[in-house]
Amino acid sequence: MKILVINGPNLNMLGIREPKHYGKETYSDLLKKIEAHCEGKCAVDFKQSNHEGDLVDFIQSAYFENYNGIVINPGAYTHTSIALLDAVKSVMIPTVEVHISDVSSREDFRQISYIREACIMTVSGKGTDGYLLAIDHLLNYIQEESK
Ligand code: DQA
């Protein structure tokens, strides 16, 4: 079982950017935390970019490289990108959307998520633990689907 974790714009700035929304853990802390969580459960790889087209390429690569599931935090592209929605629909790989902050209690422009309708679940407001919840949900989902 292998999972691809994709992070969008500014998530490489974790630990520096707006700690009141995103906490103090760095991007590298996040990757270590996810790796430790996945040990003995599944293989995990990571991609991050600040560019929308790169994120589309990462989603497509999950198809060509036979990933079983995707966890994606599209950052601000959540609220603008039909291209990411179409990419997730194209690959037909179970995908969970993650937001570190509780987007539902933030600005109006954060209330729209284009990608959500193509995802099996959205986790929001659970801090970086949201990625771990997303992975566990994906693994259960994939196991159930294979029965
Ligand atoms: C975010 C929420 C988005 O609104 C924001 O643009 C981000 C991070 C989150 O993880 O809470 O970059 O996706």
Side-chain angles (χ1 to χ4, degrees), residues 1-39 41-65 67-142:
M1 193 81 74
K2 58 176 195 167
I3 305 290
L4 184 61
V5 177
I6 301 174
N7 277 290
N10 300 308
L11 288 154
N12 56 320
M13 298 295 281
L14 284 179
I16 301 165
R17 75 182 289 212
E18 302 181 89
K20 92 174 165 75
H21 288 304
Y22 305 113
K24 290 185 178 160
E25 281 168 278
T26 63
Y27 179 66
S28 126
D29 293 336
L30 170 66
L31 304 197
K32 284 187 206 135
K33 183 173 176 170
I34 297 172
E35 265 170 353
H37 184 77
C38 289
E39 211 170 312
K41 289 188 190 180
C42 62
V44 65
D45 293 309
F46 304 101
K47 303 269 189 194
Q48 190 276 329
S49 176
N50 296 323
H51 306 280
E52 186 176 10
D54 286 347
L55 299 175
V56 171
D57 290 343
F58 296 157
I59 293 166
Q60 292 183 5
S61 77
Y63 177 83
F64 293 110
E65 293 166 27
Y67 282 87
N68 305 97
I70 298 172
V71 171
I72 184 165
N73 182 345
Y77 291 130
T78 305
H79 317 300
T80 60
S81 180
I82 297 167
L84 292 184
L85 167 67
D86 286 347
V88 174
K89 283 185 171 172
S90 302
V91 297
M92 295 169 302
I93 297 171
T95 299
V96 177
E97 173 190 16
V98 174
H99 300 288
I100 296 168
S101 66
D102 178 13
V103 279
S104 70
S105 65
R106 298 183 63 192
E107 300 92 330
D108 287 351
F109 60 81
R110 293 186 207 274
Q111 302 314 311
I112 290 172
S113 165
Y114 285 98
I115 206 170
R116 184 163 303 170
E117 71 164 83
C119 294
I120 59 166
M121 184 171 79
T122 296
V123 184
S124 178
K126 305 275 185 216
T128 56
D129 285 353
Y131 290 85
L132 313 185
L133 297 170
I135 285 166
D136 289 346
H137 184 80
L138 258 183
L139 295 179
N140 283 335
Y141 179 91
I142 294 164

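In each ligand, atom 1 is the first atom listed, and ligand 1 is the first ligand listed.
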*Please report the shortest heavy-atom distance between Gly75 and Thr78, naming the atom on each side.*
O-OG1, 2.5 Å
*Quick one: pull up CD1 in Ile59 and OH in Tyr67 and give me the separation to the nearest 0.5 Å.*
13.5 Å
*Could you tell me whether Asp57 and Lys47 have a side-chain N and a carboxylate O separated by less than 4.0 Å?*
no
*asked:* Under a 3.5 Å cutoff, is there a donor and acceptor pairing between the side chains of Glu97 and Ser113?
replied: yes
_For Asn50, all residues meeting side chain to side chain contact (heavy atoms under 4.5 Å, CB included), sequence neighbours excluded_ = Pro9, Asn12, Gln48
Are there any protein N or O atoms under 3.5 Å from the N or O atoms of ligand 1? List them with distances, or say none.
residue: ligand 1; atom: 4 (O); partner: His79; partner atom: NE2; Å: 2.6
residue: ligand 1; atom: 4 (O); partner: Arg110; partner atom: NH1; Å: 2.8
residue: ligand 1; atom: 6 (O); partner: Ala76; partner atom: N; Å: 3.2
residue: ligand 1; atom: 6 (O); partner: Arg110; partner atom: NH1; Å: 3.1
residue: ligand 1; atom: 10 (O); partner: Asn73; partner atom: ND2; Å: 2.8
residue: ligand 1; atom: 10 (O); partner: Ile100; partner atom: N; Å: 2.8
residue: ligand 1; atom: 11 (O); partner: Ile100; partner atom: N; Å: 3.2
residue: ligand 1; atom: 11 (O); partner: Ser101; partner atom: N; Å: 2.9
residue: ligand 1; atom: 11 (O); partner: Ser101; partner atom: OG; Å: 2.6
residue: ligand 1; atom: 12 (O); partner: Arg17; partner atom: NH1; Å: 3.1
residue: ligand 1; atom: 12 (O); partner: Arg17; partner atom: NH2; Å: 3.1
residue: ligand 1; atom: 13 (O); partner: Asn73; partner atom: OD1; Å: 2.8
residue: ligand 1; atom: 13 (O); partner: His99; partner atom: ND1; Å: 2.8

_Show the nearest heavy-atom pair for residues Pro74 and Val98, with the distance to one decimal._
CD-O, 4.3 Å
